[in-house]
2 protein chains.
Amino acid sequence: MTKPPVTSDHRTGGTLSRRERVREATLAEIKETARRHLVEFGVAGVSLRAIAREMGMTAPGLYRYVPGIDALLVSITADMYEELADVVAEADASMPEEDTDGRILTSLRAFRNWAISHQPEFSVMFGPRTRLDPEADITSALEAGRRFGSTFFTLFDRLVAEERFALPADDDLPVALRRELRSFADTVGFSSPNVPEGAVMVLTTCWVRLYGVVCMEVFQHLNFVVGDMEPLFESELRNMATDLGVRYSPLEGAGGQAAKA
Amino acid sequence: MTKPPVTSDHRTGGTLSRRERVREATLAEIKETARRHLVEFGVAGVSLRAIAREMGMTAPGLYRYVPGIDALLVSITADMYEELADVVAEADASMPEEDTDGRILTSLRAFRNWAISHQPEFSVMFGPRTRLDPEADITSALEAGRRFGSTFFTLFDRLVAEERFALPADDDLPVALRRELRSFADTVGFSSPNVPEGAVMVLTTCWVRLYGVVCMEVFQHLNFVVGDMEPLFESELRNMATDLGVRYSPLEGAGGQAAKA
DNA sequence: CATATTCGTGAACAGCGTTTGCTAACGGTG
DNA sequence: CACCGTTAGCAAACGCTGTTCACGAATATG
């Protein structure tokens, strides 16, 4: 808020005063510690006192950096959305530009892989808001989530552009549904300005399925009876690919034993 | 554990001594209060001290009835599975016996309705285990959940029996997937002893989608941008019905404006 | 150098889960 | 009825939590 102080004998080069630098470093350390506690003990195990203790200071001191535990949790949640978006984007970029099919599959698998290797984070991001005060200000996390979403849906956008799958005629959709789909498309940020509602519906359906399998796996609502969820995920991935007009290719690592396709 | 005391001047009619009766009443009151707090303040707002306070006693007293807060939460979670199973079963029973299509649709809608009208409960049941100690004994809730699942999947079982939809040939499924599907079928309790894996896969796919839409709605991971999720749910329901060979009929209440179907 | 801002602390309040010893009531028996 | 064991419930205490406040000390600014 305050303009960068013109003072300072030291290099004000980075437009960052010495004070601001150490301040930001401390804030970063706080968030790193919080994140580590989240991973180690779950969201219930994140406490200001424990963080302060580990950093060699006292809890009230943290209030110079963060307005409270809720805000801290919201803050690291926003960071995690950013991180996940990067992971997906990197996976996407790791494939040849023109290989749309490969890029899609790789990105979706990257999403799942991040989810199952970051269960506490995923639970906070995609599970119910259980710990936070219902009146807490979560707009920053919401905003980051929206940015993640757009990164994600941009992938699908290519498919729409390439007209990979047959769209259901817009007239076949109930108007109430069409209205919701349009509002969704507008907010989520499709590059094509006027995507047909039918396309949005197919994509939404896919997103629901992806969300469903991954949540089920991370929240362990099936794997206590299924064990290895990967075949199930791959099966769903295959179904989704079919619906999207994407050529499915089995996972390389584990010997596929795939279908004749 | 102890055999019913042969004593008692009063009616031992119900095989329940006076002491046991008031004891069970108190336990019931504890669980009711906990449930109410869960609904009012969310899972984070359920505390032994607050429960005791409201009941006019002190927290340590509750330990005569419950070994701790975790066990209490697990206990009411099990009850909630029971309740949800009943609701679904009642919805099912409310339709004419032979109207399989109607029974399916009604039951699925009952599931969603319960979920969105019992968000805190649903979050605890189907969301990540965020509050409980990871080493807590949740077998009773798991068992209740399994019973709920079997109630639920029994519905689909009829469809398999009636051969409503074309099964994917078992040979088309990767062996790893087939193994998981079989283990799933065995545990979840299908009435048909030897359901083909292809059928189980279709049903699992549907369950994933149902879980996905409902979680998304309850956890509010889309409705901040969509508003009314009902059209989306109905759309998914319609898709699922199609995959299951079930004739979809639009929701009666709200004027459908439905497709030409 | 003097002054203003920031950082961090210690103490305190209110809440939490849980354990420990105690009292008082209750249930069944002689 | 009197006796006695079982049980219910309580007060106190320990250690944990978030948060507020007043204060001192270090730092940056004029």
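Within every chain, numbering begins at 1; the chains are lettered A, B, ... in the order of the sequence lines, protein sequences first and strands thereafter. Worth knowing before you read on, the calculation uses all heavy atoms, side chains too, and leaves out hydrogens, waters and symmetry mates.
Between the side chain of A:D92 and the main chain of A:V88, no donor-acceptor pair closer than 3.5 Å is present. Under a 3.5 Å cut-off, the side chain of A:S183 and the backbone N or O of A:R179 do not form any donor-acceptor pair.
In this structure, A:Y211 has its ring center at least 6.0 angstrom away from the ring center of B:Y211. Here A:H118 and A:F122 keep their ring centres 6.0 angstrom or further from each other.
Atom-to-atom, CE of B:M55 to P of D:dA8 comes out at 13 Å; the value is rounded to the nearest Å. Put simply, CZ on A:R23 is 9 Å from C1' on C:dT6, counting in whole angstrom units. Protein atom CD of B:E20 is 13 Å distant from nucleotide atom C1' of D:dT6, rounded to whole Å. The distance from atom CG of A:L132 to atom P of D:dT17 is 18 Å, rounded to the nearest whole Å. Note: CG (B:L62) to P (C:dT19) measures 13 Å, nearest angstrom. As a whole-Å value, the separation of A:I51 CD1 from D:dC16 P is 16 Å. Regarding A:H37, its NE2 atom lies at a distance of 11 Å from the P atom of D:dG18, rounded to whole Å. Between the P atom of D:dC16 and the CZ atom of A:F41 lies a distance of 13 Å, rounded to the nearest Å.
Nearest-nucleotide mapping onto DNA chain C: of A:R49 and B:G68, the residue sitting toward the 5' end is A:R49. Where A:R53 and A:R64 meet DNA chain D, the nucleotide closest to each residue was compared, and A:R53 sits on the side nearer the 5' end.
The side chain of B:I69 approaches C:dG17 more closely than any other nucleotide in the set D:dA8, D:dC10, C:dG17. Listed candidates were D:dT7, C:dT18, D:dA26. Nearest to the side chain of A:R19 is D:dA26. Which of D:dT19, D:dG9, C:dT19 sits closest to the side chain of A:P60 comes down to D:dT19. Out of D:dA22, D:dT19, D:dT17, the shortest distance to the side chain of A:L48 is found at D:dT19. Considering only side-chain atoms of A:S47, the nucleotide from D:dT17, D:dT20, D:dG9 that sits closest is D:dT17.
Within the structure, a side-chain polar atom (N or O) of B:Y65 is placed less than 4.0 Å from OP1 or OP2 of D:dG9. Under 4.0 angstrom from either OP1 or OP2 of D:dT27 there lies no side-chain N or O belonging to A:R21.
Residue A:A50 is classed as a sugar-phosphate contact, given heavy-atom separations below 4.0 Å to backbone atoms only. Across all strands shown, A:G56 has heavy atoms under 4.0 Å from sugar-phosphate atoms exclusively, and none from any base. Contacts of B:Y63 with the nucleic acid, taken as non-hydrogen atoms under 4.0 Å apart, include base atoms.
Electrostatic pairing of A:E83 and A:R35 counts as a salt bridge here, judged by a charged N lying under 4.0 Å from a carboxylate O.
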